[in-house]
K.L.:
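Can you read through this structure? Questions will come right after.
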Number of protein chains: 2
Amino acid sequence: MEENLSISIANELRKDILRGRLRPGDAIKERDFAFKMGVSRTPMREAIRLLGNEGLIELRPSRSPIVANQSKQMVADQIRLLVVLENLSAELACKNATEDDLGRIAGIAETMAAQFDSTDAIDMFEIDMSFHLAVVKASHNASLVETYRTYLQRLWRARFLAASLDPNRKRLIREHRAIVDALLKRDPEAVKNAIQNHLGNLFRDVSNALDREAEERKTLTSVGENK
Amino acid sequence: MEENLSISIANELRKDILRGRLRPGDAIKERDFAFKMGVSRTPMREAIRLLGNEGLIELRPSRSPIVANQSKQMVADQIRLLVVLENLSAELACKNATEDDLGRIAGIAETMAAQFDSTDAIDMFEIDMSFHLAVVKASHNASLVETYRTYLQRLWRARFLAASLDPNRKRLIREHRAIVDALLKRDPEAVKNAIQNHLGNLFRDVSNALDREAEERKTLTSVGENK
DNA sequence: CAACACATTTTGGTATACCAAATTCATTTA
DNA sequence: TAAATGAATTTGGTATACCAAAATGTGTTG
């Protein structure tokens, strides 16, 4: 897609949100952000609306938009859907994946295994997410890819917090390899089982991470000034 | 959600698209449509972008946007996903539906049975779609509802064409009743079977309808002027 | 000290103007 | 008659101004 100013602004804001430089609850003041980026309100407004549609920003009447701050119920709902989308992609990828697709997926898994200790946590998490997205792309169902991407982004931060809480590298690499092996065999049941094994406790892990973060925020608030 | 000018314009355009007053391939000329509706380009532009995000309008560089004209592959992809979403909603609705939810779903099915012959095809199709959406809402998973709604709208026209081609009222009412009965029993497998039975041939039916329409368009084009 | 009223600030929304790029159309030439 | 060239039109995108509504802050009064 051809990139205009609003799309490049949206890309930059999205990256800031996913990478944690903009945190849940932070205000995105249209005029301020436009001025800082040296653009007018129009493309900034359009970018904010785009991210609003993607669920990353929450628009509020008569108040500045904020980085979306999702309830545990919303996170649970999205994870429930994400798992179903990954299962569907497993089934379809077994049928439709090209040899290039499978090669790419296996390559990403190898890259993670090889570089885990020498890559910072944020970059490694991005590779992890690109692995999952590559599996979905191997389904060759464009709607599935589009919808999956939406929830991948919405859940990004929560999953990153969960991954940071329990960075079990051996388990991660083993479970990704199980998914790759099952895909290479083009065995849908085996892929689904491997995915279930990999994501089965995702909500619990994410929930724990969000609880932990809420505790930390409460501690900071009680010693700091009340805003 | 509070309705501003762009949202009400988007709602009007969406209704025109779903109801067939704007057809696939029709241009949505920003300046012309804004003038006709007595508004400026800004809310019209925002409304067009909103429908672009929803997949109902296709934006093109340096050309007027057009009503999305989906390939059969895209339709097949979307149907594949829609069925999975309906299956998930069946499972969750069995667990989470309130008695009000079930009453509402049964009520819509009864309304269809009672009013089928006295309601025009477009209105009856809308009731049919509201039945399916009510089942999904009964899942109480907000992300599922949002995603399902997206594909319900994208597939609206193709499904309406298919329904018009083979308006089998008895079958439709019977199959909806089977879904309701299975929901009342809160039997996920029975609901999934009923949905599979109901939607199992959706792609074939839709594909036939799109083929038929393409034939008709070709016939019209060969006797009319080439644009 | 709390509540109320008024002023100020912030904000979303919309209108309009302008620009550059792409497309289309018309004319000319070979 | 077809191709090329130049002019005109259409179009998306962006900047800026303005307005009304909502939120916030401040001062006064009871």
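Throughout, protein chains are lettered first and strands after them, A, B, ... in sequence-line order, and every chain is numbered starting at 1.
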K.L.:
Would you say CZ of Arg23(B) has more than 12 non-hydrogen atoms from neighbouring residues, nucleotides or ligands within 6.0 angstrom?
P.N.:
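No, because the 6.0 Å sphere around CZ of Arg23(B) holds 12 heavy atoms or fewer from other groups.
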K.L.:
Partners of Ser64(A) by side chain to side chain donor-acceptor pair (under 3.5 Å), sequence neighbours excluded?
P.N.:
none
K.L.:
Is Lys36(A) salt-bridged to Glu12(A), going by a charged N under 4.0 Å from an acidic O?
P.N.:
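Salt bridge: no.
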K.L.:
Among residues 21-36 of chain B, which contact DNA chain D at a heavy-atom distance under 4.0 Å?
P.N.:
Lys29(B), Glu30(B), Arg31(B)
K.L.:
Not counting sequence neighbours, which residues clear salt bridge (charged side-chain N to carboxylate O under 4.0 Å, His left out) with Asp128(B)? List them please.
P.N.:
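Partners of Asp128(B) under the salt bridge (charged side-chain N to carboxylate O under 4.0 Å, His left out) test: none.
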K.L.:
Among residues 44-68 of chain B, which residues get a heavy atom nearer than 4.0 Å to DNA chain C?
P.N.:
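Within this stretch, Ser62(B), Arg63(B) sit under 4.0 Å of the strand.
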K.L.:
Between Arg104(B) and Asp101(B), is there a side-chain N and carboxylate O pair less than 4.0 Å apart?
P.N.:
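Judged by the 4.0 Å cut-off on N to carboxylate O distance, Arg104(B) and Asp101(B) do form a salt bridge.
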K.L.:
Run the salt bridge (charged side-chain N to carboxylate O under 4.0 Å, His left out) test against Arg21(B) and tell me which residues pass, sequence neighbours left out.
P.N.:
Asp16(B)
K.L.:
Just checking, is any N or O donor in the side chain of Asp77(A) or Gln73(A) under 3.5 Å from an acceptor N or O on the other one?
P.N.:
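Present: a donor and an acceptor within the cut-off.
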K.L.:
Within 45° of the six-membered ring axis of Phe33(B) and under 6.0 Å from that ring's centre, is NZ or CZ of Lys29(B) located there?
P.N.:
no
K.L.:
Heavy atoms of chain A, cut-off under 4.0 Å: which first and last nucleotide of DNA chain D, 5' to 3', fall inside that, if you could look?
P.N.:
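Here the contact window of chain A covers dG13(D) to dA23(D).
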K.L.:
If we count only N and O atoms by modelled type, under 3.5 Å, do the side chains of Asp123(B) and Gln115(B) hold a donor and an acceptor together?
P.N.:
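Gln115(B) and Asp123(B) do not have a side-chain donor-acceptor pair below 3.5 Å.
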K.L.:
Less than 4.5 Å apart, side chain to side chain, heavy atoms only: is that true for Glu54(B) and Ile17(B)?
P.N.:
no
